[in-house]
Amino acid sequence: MAEITANSPSPAHVDPPATPSYQTLTGLGVGVTVIAALYFGKDILLPITVAVLLSFVLSPLVGILRRLRIPRAVAVVFSVGLALAIIGGVGALLGSQIVEVAGDLPLYQTTIEKKVDILRKATLGRIADVTSRFRGTLGQAGQISPPPAPPAGEQAARPEQTPVPVEVRQPPPDPVALATRILTPVLHPLAAAAIIFIVAIFILMQQDDLRDRVIRLFGSRDLHRTTLAMDDAARRLSRFFLIQLGINATFGVIIAAGLYFIGLPSPLLWGIIAALMRFVPYIGSYVAAGVPILLAAAVDPSWSLALWVAALFLLTEPIIGQLVEPMLYGRSTGLSPISVVISAIFWGWLWGPVGLILSTPLTLCLVVLGRHVKQLEFLNVLFGDRPALTRVENFYQRVLAGDPDEVQEHAEELLKEMSLSSYYDEVALKGLELAARDLARGVLTRPQVECIKEAVTTLVTELADYDDVDPGTAPKASPDRSAAQDLPKHPAPAGAMPESLELPAKWRDEKPIQCVAGRGPLDDATAAILAQLLEKHGLGAEIVAHEAVSRNAIGGFRREGVPMVCVCYLDMSGHTSPLRFLLKRLRQRVGDARLLVALWPSDHPVMSDQKVRAALSADEYVTSLRDAVNACLKAAQEAAAAYKRGPTTIGGNERPEVEGPPEILIPDGVARTDARAG
C-alpha cells in the first residue's frame with residue numbers, strides 16, 4: 001500500500017473554497033429577528049418570562065401539595081397566592097423603609113456637609129492650592145498678564161440692557177389628564193404583575209400538557225429519551241432556582257441582621273436590596289453595598305460605621321459564594337464565567353435592570369435546552385462550562401500545534417486522578433488515533449507529522465519520573481472540578497515482575513523485550529510509550545524502528561535470544577497485509593519468541609476475525625497498553641514458573657514436558673492465538 005504524503009493529497013480530498021452557506025445566513029437572520037423581537041416586545045415578553053421562572057420556583061411546592069392529595073387547582077392557587085403574599089409583603093416593607101430613609105435624610109445634612117467639605121479640602125482644595133501657586137509663580141515671571149481693559153469710549157458706547165422677565169404658565173390640567181398622570185405609573189406595574197401571576201397559574205395548571213407539546217415539537221421520534229431529558233431539565237432548573245432564591249434570601253437576612261447590630265438605619269431595606277442585587281452575578285452584592293456605606297458615612301461623624309458596613313459585605317459574600325453555594329448546589333451551575341458576564345451585559349441592555357437580575361436564570365435555561373435539544377446544541381457550547389474540546393481533542397490539538405509544555409501541564413493534572421497507563425490509553429493513544437485518521441485522509445503534512453512525533457517524544461521523556469500506579473487515597477476533586485471526570489479510569493497493571501534469579505537466561509537480559517514500531521509514521525511514538533510502561537514495571541524494553549525490520553534491512557536484524565517481541569501497529573485502513581508480512585519477517589528472525597501485537601483502533605477487523613488472527617501467526621493481540629503490559633508480565637511469570645520445574649525448553653522458556661499445555665491466565669482484553677494453529 002503506497003504511503004500517503006500530505007504534500008500530494010488526492011484530488012478527492014481537496015476541500016472546496018469556503019463560501020457562506022444558506023444555513024449560516026438563515027441562522028444569522030433568525031438570530032437577528034429573535035433579538036429584535038425580544039427588544040421591541042419586552043413589555044409583553046418580560047412578564048411572561050418572569051412567570052415561567054416563577055413557575056419553576058413554585059413547581060416543587062405544587063408537587064408536594066399534590067402528593068398530599070390536594071387537587072391541582074387548589075394547589076396551584078395556594079402556591080401562587082402564597083408567592084403573591086410574600087412579594088406584596090416585601091414590596092410594602094420596601095416602600096415603607098424607603099419613605100423612612102427619605103424622611104431621615106435632612107437629619108444627616110450637617111454630617112454630610114462636614115464630610116463633603118473635608119473631602120473637598122483633601123482633594124479639590126489641594127489641587128486649587130497647587131494651581132494657584134503655579135499661576136502665581138508664572139505671574140511673577142511675567143508669563144501671565146491680566147487681560148487688557150477695553151477702551152473708555154467703547155465702554156461708554158455700550159448701552160445698558162435691562163433683561164425682560166418672561167414667565168411660562170401651564171394651563172390647569174383637566175381631570176382626565178390629571179388621572180392619567182397619576183394612574184399611569186401605578187397601573188403599568190400592576191398590569192405586569194397581573195400578567196405574571198395569570199401566566200404562572202396557567203403554566204402550573206397545564207404543566208403536563210406543555211411538556212407533551214415541547215416533546216412533540218423537539219423529540220417525537222424518541223419519546224423515552226426526550227421525556228427523560230425534559231423531566232431532568234425541569235427538575236434541575238427548579239432545584240437551581242429554589243436554591244438560588246433561598247441563598248439570596250439568606251444573604252439578605254444576614255446583611256439586615258448585621259446592619260441592625262452595627263446600628264445603620266433601615267437595615268431591612270438594605271437587606272432586601274442586597275438579596276435582590278445578588279441575582280446579578282459577581283458584582284451585584286458589592287454594588288448593593290455602595291448605598292449603605294454612603295449612608296453610614298452620613299450617619300456617623302467618624303468613619304468607623306462605614307468601615308464596619310464594608311467589612312460586613314466583604315466577609316459575607318465570599319463565605320456565601322465560596323463555601324455555602326458549592327455545598328448546596330453539589331456541582332457548578334453549568335455556566336462558564338465569561339458567559340455569565342456576557343449574558344448579564346446582553347440581558348441588561350435588552351430588558352434593563354430586570355433583565356440584569358434575570359440574566360443568570362435565563363442563560364441557564366438556554367444551556368439546559370442546548371444540552372437536550374440537538375438543534376440548540378450551540379448554546380451549550382457557547383455558554384456551558386463544559387470544555388469546548390475533550391481531553392483527547394485537546395491533546396491532539398496541542399501536539400499538532402507543537403506545544404509540549406501545555407500537553408505536559410494537562411497530563412500532570414490528569415495524573416493526579418488516573419494512572420500513567422490509563423492516561424496513555426485514554427488520552428495519548430486516542431489523540432494519536434485522531435492524528436492517524438487525518439493522516440489517512442491526507443490532511444496532515446509531513447512537517448505536521450514530525451511535529452506530532454516530536455511533541456509526543458518530549459511528553460514521554462518528561463513523564464519518565466511518574467510511576468504507573470493508581471492515585472490511591474489522594475483527596476479527590478469535586479465532580480465539577482475533576483480534570484478527568486469524562487475519562488475512563490482503569491487501574492494500573494497489578495502483576496509483579498519475578499526476581500532475576502527466578503527467571504531463565506533469556507529474561508535476565510537488560511532489555512528482554514523488543515518494542516517494534518509498525519509501518520505507520522506514528523507507530524514509533526506508540527512503541528516508545530509501551531517501552532516506558534514496561535520499564536515502569538521492571539521489564540526492560542528496547543525500541544526498534546520500522547526501518548530496522550523493513551524488507552531491505554531485516555537481514556541485519558537478529559534477536560534470537562529475546563523471549564518476547566511486541567509490535568505496535570496504529571492502522572486506520574483496516575488492511576492486514578503489511579502487518580502479516582512484518583510478522584512473517586519477525587518470526588523468521590526471532591525464532592520461537594512470543595509475538596504480541598498491540599493493535600489500534602480497538603475495533604480493528606483483526607480483533608473480530610479469528611481466521612485473520614490465525615493467518616497473522618502472532619501469539620497474542622491487545623488493544624490497550626495496559627493489556628500489553630499485563631501480557632508481558634504474565635509471560636515473565638510463566639517463564640519463571642517453567643524455569644523452576646525443569647530444564648526442558650519450549651517456546652523460548654525453560655520448562656519440563658507435561659501431559660498437556662499449562663493453563664495460562666490471559667488478562668481481559670487480550671486475544672490469544674496459537675501460532676501453529678494457522
Side-chain angles (χ1 to χ4, degrees), residues 49-67 75 79-80 82-83 85-87 90 196 200 203-204 207 229-257 271-286 288 313 315-337 339-341 343-344 347 354-372 380 383-386 477-482 485:
T49 303
V50 176
V52 173
L53 297 180
L54 181 63
S55 67
F56 277 115
V57 175
L58 297 179
S59 179
L61 178 59
V62 174
I64 294 174
L65 297 177
R66 290 285 293 150
R67 286 193 290 271
S79 301
V80 175
L82 179 62
I86 293 174
I87 294 174
V90 171
I196 290 172
I203 290 176
L204 292 172
Q207 187 175 6
M230 292 297 299
D231 291 342
D232 177 69
R235 184 172 61 254
R236 288 180 181 273
L237 288 173
S238 297
R239 179 175 178 270
F240 169 76
F241 294 147
L242 199 60
I243 291 177
Q244 188 184 41
L245 181 62
I247 290 176
N248 294 349
T250 303
F251 178 78
V253 170
I254 294 174
I255 293 297
I272 295 172
I273 292 177
L276 293 176
M277 288 300 297
R278 202 177 182 278
F279 283 97
V280 180
Y282 298 118
I283 63 172
S285 56
Y286 298 109
F313 279 90
L315 289 176
T316 306
E317 170 57 28
I319 293 175
I320 295 292
Q322 303 300 325
L323 296 178
V324 177
E325 282 186 347
M327 285 193 302
L328 293 181
Y329 286 134
R331 56 183 300 169
S332 67
T333 59
L335 302 178
S336 63
S339 70
V340 173
V341 175
S343 65
W347 290 108
V354 179
L356 189 65
I357 295 175
L358 298 178
S359 60
T360 299
L362 289 174
T363 308
L364 181 62
C365 292
L366 295 178
V367 170
V368 172
L369 285 175
R371 288 181 180 177
H372 295 289
N380 186 28
F383 303 124
D385 61 348
R386 294 180 180 178
S478 59
D480 57 305
R481 298 182 181 179
S482 173
Q485 58 177 332

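What's counted below: heavy atoms across the whole structure, side chains too, no hydrogens, waters or symmetry copies. We're numbering straight along the sequence, starting at 1.
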To the nearest 0.5 Å, what is the distance between CD1 (I255) and CE (M277)?
13.0 Å
Sorted by chain and residue number, the side-chain contact (heavy atoms from CB on, under 4.5 Å) partners of I254 (sequence neighbours excluded) come out as T250, T316, I320
List the steps and the verdict of side-chain contact (heavy atoms from CB on, under 4.5 Å) for F241 and L54.
CA-CA 9 Å; F241 294 147; L54 181 63; over 6 Å; no
So, using side chain to side chain donor-acceptor pair (under 3.5 Å) as the criterion, who are the partners of S79 when residues are at least two apart?
none
What pairs with F313 under ring-ring contact (aromatic ring centres under 6.0 Å, His included), at least two apart in sequence or on another chain?
none
Can you name the residues that form a side-chain contact (heavy atoms from CB on, under 4.5 Å) with P60, not counting sequence neighbours?
S238, L242
Which residue is it: L356, V354, T360? I am looking for the one with a side chain to side chain contact (heavy atoms under 4.5 Å, CB included) to L358.
V354
Candidate pair V57 and L53, rule side-chain contact (heavy atoms from CB on, under 4.5 Å), full reasoning:
CA-CA 7 Å; V57 175; L53 297 180; 5.8 Å; no
Taking all non-hydrogen atoms of both residues, which atom of A274 and which atom of A288 are closest, and how far apart?
CA-CB, 3.8 Å
Quick one: CG on L65 to CG on L58, what's the gap to the nearest 0.5 Å?
10.5 Å
Return the minimal non-hydrogen interatomic distance between S343 and S359, and the atom names on each side.
O-CB, 3.6 Å
For the student: nearest non-hydrogen atoms of L315 and I319, plus distance
O-CG1, 3.2 Å
Which residues satisfy the side chain to side chain donor-acceptor pair (under 3.5 Å) test with S285, sequence neighbours excluded?
E317
Which residues satisfy the side-chain contact (heavy atoms from CB on, under 4.5 Å) test with A51, sequence neighbours excluded?
I196, V199, A200
V253: which residues meet the side-chain contact (heavy atoms from CB on, under 4.5 Å) condition with it, sequence neighbours left out?
none
Residues at least two apart in sequence or cross-chain that pass side chain to side chain donor-acceptor pair (under 3.5 Å) with S55, listed by chain then number, are none
